[in-house]
Participant: 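Dropping a structure here in structure tokens format, bear with me for questions.
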Amino acid sequence: MNFKETSQYNLLKKHSVFLNGMSIKDLFSDNPKRFEEFSTSLGDIVFDYSKNQLDKKAMDFLIKMAESLDLKLKIRDMFDGVKINFTEKRAVLHTALRDNLTKSIKVDGINVIDDIKKNFDAMAEFVNDVRDGKFKGATGERILDVVNIGIGGSYLGAKMAIEALKPYKTPLINFHFISNIDGTDISEVLKKIEPETTLFVVASKTFTTDETMTNANSAKKWLVEKLGEKAVKNHFCALSTNKKLAGEFGIPEIQVFPFGDYVGGRYSMWGTIGLPICMAIGVDNFKKFLGGANLADEHFRNTDFDKNIPVLMALVSIWNINFLETVAEAVLPYDNYLKYLPLYLQQLVMESNGKSVDKNGNPIKYQTSPIIFGDEGTNGQHSFYQLLHQGTEKILCDFIIPVFSHNEIGEHQLKLLANGIAQTEALMKGKTKAEAEEELRGQGMSDAEIKKLLPYKEFTGNRPSNTFLIKRITPETLGMLVAFYEHKTFVEGVFWDINSFDQFGVELGKQLAKNIVRDLKSDEIITSHDSSTNGLINMVKTLREDM
């Protein structure tokens, strides 16, 4: 059952018409305690959703809708290892990777907690050996550069977290990421490193991912040319379940760190895919990162919906997408270290919920995933914020604002905080025609000048936003924040009656690319595709022949 099939849907639809006649500004005027009633907190994170065009009645309907959809049962099923990823016949247990208390979660009769602890301990030992200089390269030198080779969830989470937690990173090791199959990506990294002091981390569950293995083989060729074939074992490790292929590549079994198929790629940085994060910030800080996520997990499992941060995030999103018809959500972190968070959440949300078929295989006739985009701090203000304030579409904005910076310099942080908070107010309040006219008149403009300029100076306001106020970005608070978004994405999937944990849409283009690689290598004129594809392939071949 999807949200439109619940008894609350028509009531909520009718109420949305009423609320459409009210502004967010009006809702604040009617309720002086609105902030207190429409915000909640966990640890060092406050979640404020008061600047949305909804009231208590709408929230009550949304919560009852969640109850009608058996959300609490579905949350329990996920945590208990039920195979809710039914298209791939898999459990969804990224939460188990950060659970230190549960002794047993069984999948197909096997306690996965045992494997998780075993894999974590092996990873932690290897991480400590590299950080302490015990694990050395082929020439006896310590590792100074770690290069993660992966794509999608096998690199983006680690890249985001290492940058976000840069104040906790060891100064002894530099971290690099290769993901794109574009030769420029690997070439630029290889220019910065020396073979004697580099460790390559190949992150691929199957050890067959085309982009990853193409890059891994090029990295291996570069290393072997410098140090010889025997050096591979001293300069490569793998995050993979395929020990056989990793072994054939030259990686010793003790340096292959697996993870279960109950963990999807974009949810996997909590386990061995997080090895680069663990190596960057150390085992103890990595445990704090997991602990923050686990705190969010327990909150999600056990807190009533009206105070449950991930549930509230999802309800606000559902309200804006499916009742107020917003098509996009902006993620706006006011912390330079969180620069990759919008990109990471783009993958999490759109790969999970970018679906057009429900769990019964029926076409969906309502919007599912929003378009996710964003940028950090005041950089975004001088870019796409124009659209946020005066564009034709309303976009739900998530402001992520740490109170304290890791780099407190003069008034920088106060001005950054002021900018972030001011944007939430400006989106909500806007600027009336009368206010704009008074402002222009105060600048000494004539009536004719004011009349000409006035339409461009008016801001409609009434544009929704949420705010995460975070004391400081730490391993714990980052873990909490990411887990909140994971669970929000799951709840939305429940409302839309979709499987948020498969990603078959990723496959088609990759399958066709294999045929086109064959065509590009051929000496024949290609006619087997449509005229555009044939034309592009043949033109590429002609241009490359001219080189």
Participant: Taking atom NZ of Lys457 as the centre, does the number of heavy atoms from other residues, nucleotides or ligands within less than 6.0 Å exceed 12?
Facilitator: no
Participant: Sequence neighbours excluded, which residues qualify as side-chain hydrogen bond (donor to acceptor under 3.5 Å, both in side chains) partners of Thr424?
Facilitator: Lys51
Participant: With sequence neighbours excluded, tell me which residues meet side chain to side chain contact (heavy atoms under 4.5 Å, CB included) with Glu476.
Facilitator: Lys288, Thr474
Participant: What pairs with Glu425 under side-chain hydrogen bond (donor to acceptor under 3.5 Å, both in side chains), at least two apart in sequence or on another chain?
Facilitator: none
Participant: Can you list everything that forms a ring pair (Phe, Tyr, Trp, His ring centres under 6.0 Å) with Phe501? Sequence neighbours excluded, please.
Facilitator: Tyr267
Participant: I'd like a table of donor-acceptor pairs (distance under 3.5 Å, sequence neighbours excluded) in which one partner is a side-chain atom from residues 392-403, with atom names and distances.
Facilitator:
unit_1	atom_1	unit_2	atom_2	d
Lys394	NZ	Asn462	O	3.1
Asp398	OD1	Asn466	ND2	2.9
Asp398	OD2	Tyr485	OH	2.6

Participant: Once salt bridge (charged side-chain N to carboxylate O under 4.0 Å, His left out) is applied, do any residues pair with Lys355, and if so which ones, sequence neighbours excluded?
Facilitator: Asp502
Participant: With sequence neighbours excluded, tell me which residues meet ring pair (Phe, Tyr, Trp, His ring centres under 6.0 Å) with His15.
Facilitator: Phe18
Participant: List the residues meeting side chain to side chain contact (heavy atoms under 4.5 Å, CB included) with Asp284, not counting sequence neighbours, and say none if there are none.
Facilitator: none
Participant: In chain order, what residues pass the side chain to side chain contact (heavy atoms under 4.5 Å, CB included) check against Leu156, with sequence neighbours excluded?
Facilitator: Leu343, Tyr344, Gln347
Participant: Phe86: which residues meet the ring pair (Phe, Tyr, Trp, His ring centres under 6.0 Å) condition with it, sequence neighbours left out?
Facilitator: none
Participant: Who are the ring pair (Phe, Tyr, Trp, His ring centres under 6.0 Å) partners of Phe126, not counting sequence neighbours?
Facilitator: Phe135, Phe257
Participant: Taking side chain to side chain contact (heavy atoms under 4.5 Å, CB included) as the test, write out the residues that go with Glu408, two or more places apart.
Facilitator: Phe404, Ser405, Gln413
